[in-house]
Amino acid sequence: MKAMIFAAGRGERMRPLTDTCPKPLLQVRGRPLILWHVLNLVRAGIDEIVINHAHLGHMIEESLGDGSRYGARIAYSAEGTALETAGGIARARHLLGDEPFVAVAADIYCPHFDFAQALDALQDNDVWGNPHARDKRDVAWLWLVKNPAHNPLGDFALNSYSIANEGEPRYTFSGIGVYRPEMFDAIEAGQTAKLAPILREYAARGQVGGEVWRGDWTDVGTPERLAQLNA
């Protein structure tokens, strides 16, 4: 399995910190945010990693290099102007291949997440070994978290490992998921596209699975949250 780390955001809410440093390189407890993910992916045996970038992206490449010092093989997808999450995936399709891949937002702090969970998150066959119909099988698997103060209403409902757009209880999308590349077939390389509408479309069809992650997790979206982590 390959991985993708989303690192193309401008980090407007983190300014002025991100005026001279890309958000994924901000230090959290002695280590750049993005490096926490690289090391955790490698620890799980996922060493082929694609990183997209835009704002100050050259600094990310200079910092991580080809990934060899961390036991990884890193490829970069430079966007120039950020293409949003789904657009970034479409732009990097030639690097990701045709199999399901795990993806994580670079700007979350989730130091104990075990990415080995992603290796068999999407199943092609049912419990009896029969292939799922392509239009019935899950195309994505999301990890959700308890709603933080800045997102009290959550993003999705969860019912027996099935993600729904409506219902209770509701949780917040953690920024970590596994996706089948076919989800992004309709997006042209270079096109700007958000991920949320695509997830909601497939969730309405009953084709998005998920579970709750109850470990440490922070969306490092403001200087205040960064300072709290480093306090």
Any side-chain heavy atom of [X] within less than 4.5 Å of one from [Y]?
X: Arg29; Y: Asn230; answer: yes
X: Asn52; Y: Leu83; answer: no
X: Gln27; Y: Pro32; answer: yes

Could you pull out all residues at least two apart from [X] that satisfy ring pair (Phe, Tyr, Trp, His ring centres under 6.0 Å)?
X: Tyr109; value: Trp36
X: Phe113; value: Phe115, Trp143, Trp213
X: Tyr70; value: none

List in chain and number order the residues that pass side chain to side chain contact (heavy atoms under 4.5 Å, CB included) with [X], two or more places apart in sequence or in another chain; answer none if no residue qualifies.
X: Ala82; value: Ala8, Ala54, Glu79
X: Arg69; value: none
X: Lys146; value: none

Legend entry - Residue pairs passing the side chain to side chain donor-acceptor pair (under 3.5 Å) test where at least one lies in residues 192-203, sequence neighbours excluded: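 Every side chain to side chain donor-acceptor pair (under 3.5 Å) pair that includes a residue of residues 192-203, provided the two are not neighbours, is Glu84-Lys194, Asn165-Arg200, Glu201-Arg205.
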Inset, instruction - Would you list the pairs meeting side chain to side chain donor-acceptor pair (under 3.5 Å) in which at least one residue belongs to residues 167-176, sequence neighbours left out? - result: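 Only Asn147-Thr172, Asn151-Thr172 qualify under side chain to side chain donor-acceptor pair (under 3.5 Å).
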Inset, instruction - Using the ring pair (Phe, Tyr, Trp, His ring centres under 6.0 Å) rule, collect all pairs that involve residues 150-170, keeping only residues at least two apart or in two chains. - result: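 Non-adjacent pairs meeting ring pair (Phe, Tyr, Trp, His ring centres under 6.0 Å): zero.
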Inset, instruction - Enumerate the residue pairs fulfilling ring pair (Phe, Tyr, Trp, His ring centres under 6.0 Å) with a member in residues 1-31, sequence neighbours excluded, ordered by first and then second residue. - result: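 Checked against ring pair (Phe, Tyr, Trp, His ring centres under 6.0 Å) - neighbours excluded - no pair reaches residues 1-31.
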Legend entry - Common cluster, Phe101/Ile46, ILVMFWY with side-chain heavy-atom separation under 4.5 Å: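 Shared cluster, no.
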Taking [X] for the side chain and [Y] for the main chain, is one N or O donor matched with an acceptor at less than 3.5 Å?
X: Lys23; Y: Leu33; result: no
X: Asp219; Y: Gly175; result: no
X: Asp155; Y: Phe173; result: yes

Legend entry - side-chain contact (heavy atoms from CB on, under 4.5 Å) evaluation trace for Thr18 with Leu26: CA-CA 8 Å; Thr18 52; Leu26 292 175; 4.3 Å; yes
Inset, instruction - Might you confirm whether atom CD of Glu62 has over 12 heavy atoms from other residues, nucleotides or ligands at distances under 6.0 Å? - result: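 Yes.
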Inset, instruction - Determine whether more than 12 heavy atoms belonging to other residues, nucleotides or ligands lie under 6.0 Å from atom CD of Glu188. - result: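 No - once you tally the heavy atoms of other residues, nucleotides and ligands closer than 6.0 Å, there are 12 at most.
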Legend entry - Partner residues of Glu61 under the side chain to side chain donor-acceptor pair (under 3.5 Å) criterion, sequence neighbours left out: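 Expected list: His53.
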Inset, instruction - Can you sort out the partners of Asp98 under side chain to side chain donor-acceptor pair (under 3.5 Å), two or more places apart, ordered by chain and number? - result: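 Not a single residue meets the side chain to side chain donor-acceptor pair (under 3.5 Å) criterion with Asp98.
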Legend entry - salt bridge (Lys or Arg N to Asp or Glu O under 4.0 Å) assessment of Asp138 paired with Arg180: CA-CA 9 Å; Asp138 284 343; Arg180 296 188 189 274; over 6 Å; no
Legend entry - Sidechain N-carboxylate O distance under 4.0 Å for Asp185, Arg93: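 Looking at Asp185 and Arg93, the cut-off is met.
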Legend entry - Matching residue for Val104 among Val102, Asp107, Ile108 - test: side chain to side chain contact (heavy atoms under 4.5 Å, CB included):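 One option only clears the test, and that one is Ile108.
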